[in-house]
There are 2 protein chains.
Amino acid sequence: MFSIGELSKRTKVKVPTIRYYEEMGLLPEAERTSGNQRRYDIAGLERLSFIRHARDLGFSIEAISSLIELQDHPDRSCEAATDIASSQLTNVRTKIRRLKTLERELSRISKGCNGEGVSEDCYVLASLADHNLCDGEHQKP
Amino acid sequence: MFSIGELSKRTKVKVPTIRYYEEMGLLPEAERTSGNQRRYDIAGLERLSFIRHARDLGFSIEAISSLIELQDHPDRSCEAATDIASSQLTNVRTKIRRLKTLERELSRISKGCNGEGVSEDCYVLASLADHNLCDGEHQKP
DNA sequence: TATACAATCTCTAGTAGCTAGAGGTTCAAG
DNA sequence: CTTGAACCTCTAGCTACTAGAGATTGTATA
């Protein structure tokens, strides 16, 4: 059994974040010492690693909740899990596509001014003021 | 002079968002009717278009504040503006790089399970539980 | 001109996923 | 037994909005 600080060190998840995950129901309520401090075992460590890994891959807390729910029921169909993963993949791909559009546009705008003039003549500012100077549409990222 | 609703329609920025921008200091305090409703002119429309355009390109409110500050002083050097734009470009490129790593990993994981089995045997869940099943490291997105 | 009703006003609170700080208690080493 | 780091709970703050309550205003139509 080890403390929350030790768990934090081993998983690289910050202490307040661990408490937050517990509050959100991602982690079960930890056992406590007589003095009310949290104590964890290997199972706790594994679960937190799972969560961290999923967060690193961009899964939302809600999605992770569902994944954990499935993990806790080894006999259930894993269709939901593959659905969550593939929709996350779709999310990521959508974001990449949008960011690439932004990148092209920003790069084009950036090249338009070397920063040596005054703002009145700045192509960066002019581009932002006038959408017509843009190549195409951009959506919110 | 037109109402906030009209401005919203023309710029495709939602009404509460316009008020929020005013509160944040991105928009100057609007003129009011005798009955306290906001009225805008073309200058207001242009400024809001500028803001929306910058937001669409992913600039933060803070960055936009600086850009507007420069826009209001046509005689100042525009170095800050080009700096902001290029650091935004760097941001975007960093995000793309990270997301691409995620994409590879998610795609690999996703392919590992067709969702027809039970969760005990699910490669998606197994991958999340065990980082060793991953190709490489991933950072937070 | 009266009325109806859409649009506006301000204010508060909520979203995601944490992070920071105050003020107090517990654990563990020396 | 003392000391100080680590822990506890609670509240508030971050970004960029969004939603809703309850009250007021603007305007089109009868």
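Reminder, nothing fancy here: chain letters follow the sequence lines and each chain counts from 1.
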Using only side-chain N and O atoms of [X], determine if any of them is under 4.0 Å from OP1 or OP2 of [N].
{"X": "A:R19", "N": "D:dC8", "result": "yes"}
{"X": "A:S3", "N": "D:dA6", "result": "no"}
{"X": "A:R32", "N": "D:dT9", "result": "yes"}
{"X": "B:R38", "N": "C:dC9", "result": "yes"}
{"X": "B:Y20", "N": "D:dT15", "result": "no"}

| query | Are B:L27 and B:M24 joined in one hydrophobic group, where the rule is that I, L, V, M, F, W and Y side chains link up if heavy atoms are under 4.5 Å apart? | reply | yes

Please give, in whole Å, the distance from [N] [atom2] to [X] [atom1]?
{"X": "B:Y21", "N": "D:dT15", "atom1": "OH", "atom2": "P", "result": "14 Å"}
{"X": "B:E62", "N": "D:dA16", "atom1": "CD", "atom2": "P", "result": "9 Å"}
{"X": "A:R55", "N": "C:dA16", "atom1": "CZ", "atom2": "C1'", "result": "8 Å"}
{"X": "B:F59", "N": "D:dC17", "atom1": "CZ", "atom2": "C1'", "result": "20 Å"}
{"X": "B:E23", "N": "C:dT12", "atom1": "CD", "atom2": "P", "result": "11 Å"}
{"X": "A:M24", "N": "C:dT15", "atom1": "CE", "atom2": "P", "result": "10 Å"}
{"X": "A:K14", "N": "D:dC7", "atom1": "NZ", "atom2": "C1'", "result": "18 Å"}
{"X": "A:R52", "N": "C:dC18", "atom1": "CZ", "atom2": "C1'", "result": "14 Å"}

Candidate nucleotides [options], ranked by approach to the side chain of [X] - the nearest:
{"X": "A:T17", "options": "D:dC8, C:dT19, D:dA16", "answer": "C:dT19"}
{"X": "B:I61", "options": "C:dC18, D:dC7, D:dA16", "answer": "D:dA16"}
{"X": "A:S60", "options": "D:dC8, C:dT19, C:dG17", "answer": "C:dG17"}

| Ion pair check, A:R76 and A:E69, cut-off under 4.0 Å |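 Judged by the 4.0 Å cut-off on N to carboxylate O distance, A:R76 and A:E69 do form a salt bridge.
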
| field | Side-chain H-bond candidate by donor/acceptor type, B:Y123 with B:R108, under 3.5 Å | value |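 Indeed, the side chains of B:Y123 and B:R108 share at least one donor-acceptor pair under 3.5 Å.
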
| query | A:A126: what forms a side-chain contact (heavy atoms from CB on, under 4.5 Å) with it, not counting sequence neighbours? | reply | A:L133

| query | If you take all heavy atoms of A:L128 and B:A54, which pair is closest and at what distance? | reply |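 Taking every non-hydrogen atom into account, CD2-CA, 3.8 Å.
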
| message | I need the minimum non-hydrogen distance between B:S60 and B:R55, along with the two atoms involved. | response | CA-NH1, 4.1 Å

Kindly give the atom pairs (protein nitrogen or oxygen, nucleotide nitrogen or oxygen) under 3.5 Å for nucleotides 26-30 of chain C.
{"residue": "C:dC27", "atom": "OP1", "partner": "A:T33", "partner atom": "OG1", "Å": "2.9"}
{"residue": "C:dC27", "atom": "OP1", "partner": "A:G35", "partner atom": "N", "Å": "3.1"}

| said: Restricting to salt bridge (Lys or Arg N to Asp or Glu O under 4.0 Å), what partner residues turn up for A:D72, sequence neighbours left out? | reply: A:R47

